Asks: 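Handing you this structure, nothing more for now.
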Amino acid sequence: MFRKLPGDEAQHLVSTTPDTAVVFRPAVVRTPAFVTFVIFAWRLFAGSVRLFWRHPIASAVVAVPCAVAWLYGWLQSVVLIAVAVTAPALWCVAHRPSFLRLVGWRLLAFWRLVWVYRRHWQPVMIVSGLGRHLRGRDYLPHLMRIRCTSWADVVTVRMLHGQAVKDWADRIDHLAHGFGARSCRVSIARAGRLLLLFPRHDPLAVPLPALPIPDEVSVGPVQVGTREDGAPWLLKVHGTHVLVAGATGAGKGSVIWSTVRGLLPAVRAGLAQIWALDPKRMELSFGRALFGERYAATPESCADLLEAAVEVMQERADRFAGVRRSHVPTVEDPFVLVVVDEVAFLTAYQSDKGLKLRISAALATLTTQGRAVGVGVLAALQDPRKEVMNIRNLFPDRIALRLDESEQVDMVLGDGARDRGALADHISPVPRQGAGVGFVRLEASPDPIRVRAAYVSDDAIRAMVEAVAA
Ligand SMILES: Nc1ncnc2c1ncn2[C@@H]1O[C@H](COP(=O)(O)OP(=O)(O)OP(=O)(O)O)[C@@H](O)[C@H]1O
């Protein structure tokens with residue numbers, strides 16, 4: 001045993017009786033009391049300065065009444081506390097948003113920093129493998145800052161040197177459960193720093209009724225719902241192609257109808273046309289009058305309609321060649337949105353090989369050449385696998401509603417989307433809670449954003465048909 005002990009440790013050994021633990025005599029360095037006092041005083045001072053610097057509001061809440069009591073007496077201090085409590089309460093009642101923005105969320109952030117994150121930081125980091133315990137020392141990522149919004153905590157973290165974003169993305173489950181949240185999303189703040197987003201509650205849990213038909217005549221981006229952060233979810237349809245993937249009952253219809261609703265003023269003004277392909281004959285047939293002649297349900301008529309769209313596209317391409325490089329909608333050349341509900345019925349599940357080829361070729365042509373000349377495709381499908389939808393990569397913008405399998409998330413939103421928190425396979429199958437909820441990736445950012453489409457009821461569709469007929 002003595003030979004196994006490193007260096008001169010053997011000389012500190014106090015007891016090695018067989019039935020007790022090995023006990024070492026600690027090294028004692030005799031220090032004058034004065035030096036010890038100076039060290040403690042310095043630590044106290046440095047700690048107080050750090051506390052004031054990091055948490056000025058919370059420190060002032062404690063320090064100011066103490067200072068007043070010491071300088072002017074306890075009665076004045078009690079009066080001050082009473083005023084300090086009632087004034088914010090009145091402010092909160094009178095103008096809640098400004099109170100929350102300036103005071104409320106900061107206090108909550110302080111509370112959650114102390115009570116949730118700092119308290120659980122060390123065990124969660126060590127158990128999840130994001131921190132290391134080496135030779136008696138903890139090497140932990142640095143918890144830098146907490147910001148609270150109305151629905152989530154945003155935690156800024158400095159990673160350990162040598163860690164990668166993937167190390168954190170692989171552990172979102174550990175982090176979420178470790179800090180008592182439903183989920184966790186990871187995004188990059190800057191080199192070496194991450195933002196972890198922990199939702200406190202789900203702002204999208206309640207269905208959103210159909211949005212009002214906009215007054216402005218525009219081909220987009222159209223508002224189709226709300227983002228998790230409360231901002232409007234604007235979907236760009238002009239100048240792109242959009243693929244909506246979701247299991248049965250995921251609410252694909254609500255994305256399609258909300259888009260149609262947002263384009264309605266442009267349709268009425270003649271600046272947009274919606275061409276509808278409805279092989280299931282369920283979804284779009286309800287508002288058939290909105291599409292006029294440009295509605296197809298049988299595979300043959302769908303192939304014809306798609307080829308007609310290709311003709312429009314090619315005719316425009318011939319006219320625009322060398323004259324302009326982008327499309328501006330006019331009554332002569334309106335924006336054409338080809339809406340396809342359950343596109344796999346027309347491609348993968350189509351038994352007639354000739355029709356399947358015609359439809360696939362037309363869709364591929366539209367999605368590769370249509371956007372510059374004002375022809376866009378909005379397609380919905382249930383199964384995003386390559387065997388089912390081999391042209392899914394030709395859709396620049398993709399929306400993942402509730403999906404059956406976790407692997408399907410990256411198929412729709414691109415590699416790594418699920419690791420970053422796009423848990424489309426965890427969306428509730430209960431229509432009230434989960435229908436129309438999904439994840440999108442915006443052009444500007446690789447981080448998925450959670451959204452909910454507004455539900456356009458049958459009555460709202462009927463009202464739209466009447467509005468267009470009028
Ligand atoms: N945005 C929404 N908000 C709340 N409930 C919704 C929403 N969208 C749809 N629903 C509810 O979910 C049900 C299914 O929606 P929908 O038919 O649009 O799904 P889907 O994805 O098109 O399904 P399928 O592929 O089977 O046609 C609807 O009957 C409606 O009750």
Side-chain angles (χ1 to χ4, degrees), residues 202-213 222-228 230-235 242-263 274 276-288 290-291 295-297 302 337-350 377-385 388-389 392 395 398-405 408-409 411-413 424-440 449-464:
D202 184 1
L204 303 178
V206 181
L208 197 68
L211 298 162
I213 298 173
V222 285
Q223 186 181 352
V224 292
T226 315
R227 287 164 37 167
E228 197 168 34
W233 171 25
L234 300 174
L235 183 66
V242 183
L243 183 68
V244 186
T248 180
K252 299 181 288 296
S254 59
V255 178
I256 292 178
W257 280 114
S258 296
T259 309
V260 172
R261 199 172 168 80
L263 287 176
I274 295 168
L277 282 77
D278 189 20
K280 279 200 306 188
R281 293 164 209 233
M282 286 300 293
E283 193 64 62
L284 300 172
S285 59
F286 205 78
R288 195 181 160 157
L290 284 173
F291 315 118
Y295 172 88
C302 285
L337 181 65
V338 180
V339 178
V340 193
D341 185 32
E342 199 42 69
V343 63
F345 271 17
L346 299 174
T347 54
Y349 312 146
Q350 179 52 243
V377 180
L378 168 62
L381 90 167
Q382 291 185 5
D383 184 349
R385 281 175 304 150
V388 178
M389 185 66 181
R392 66 165 192 241
F395 289 81
R398 284 170 259 162
I399 300 165
L401 301 181
R402 177 173 55 80
L403 293 168
D404 287 330
E405 293 161 20
Q408 293 179 333
V409 179
M411 290 179 199
V412 180
L413 296 178
D425 52 316
H426 285 192
I427 295 172
S428 169
V430 179
R432 223 190 121 64
Q433 288 167 17
V437 175
F439 291 88
V440 289
I449 292 182
R450 197 159 169 271
V451 290
R452 185 161 198 172
Y455 179 52
V456 185
S457 64
D458 296 356
D459 289 342
I461 297 175
R462 253 181 241 119
M464 282 159 62

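Atoms within each ligand, like the ligands themselves, are counted from 1 in listed order. Along the sequence shown, residues carry numbers from 1. Computed from a predicted structure; not experimentally measured. Atom set for the values below is all heavy atoms of this structure, side chains included, hydrogens, waters and symmetry mates excluded.
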Asks: Give a yes or no answer on whether the side chain of R462 reaches the backbone of S457 with a donor-acceptor pair at less than 3.5 Å.
Replies: no
Asks: Answer whether the closest heavy-atom distance between the side chains of T259 and L337 falls below 4.5 Å.
Replies: yes
Asks: Decide yes or no for L401 and I399: does some side-chain heavy atom of the first lie under 4.5 Å from some side-chain heavy atom of the second?
Replies: yes
Asks: Under the salt bridge (Lys or Arg N to Asp or Glu O under 4.0 Å) test, which residues partner R227, sequence neighbours left out?
Replies: D229
Asks: Who pairs with L234 by side chain to side chain contact (heavy atoms under 4.5 Å, CB included), at least two apart in sequence or on another chain?
Replies: P221, Q223, P232
Asks: Which residues pass the side chain to side chain contact (heavy atoms under 4.5 Å, CB included) test with A379, sequence neighbours left out?
Replies: L243, V340, V343, V377, F395
Asks: At less than 4.0 angstrom from any atom of ligand 1, which residues have a non-hydrogen atom? List them by chain and residue number.
Replies: P207, A247, T248, G249, A250, G251, K252, G253, S254, K280, E283, Q382, P431, A435, G436, R452, A453, A454, Y455
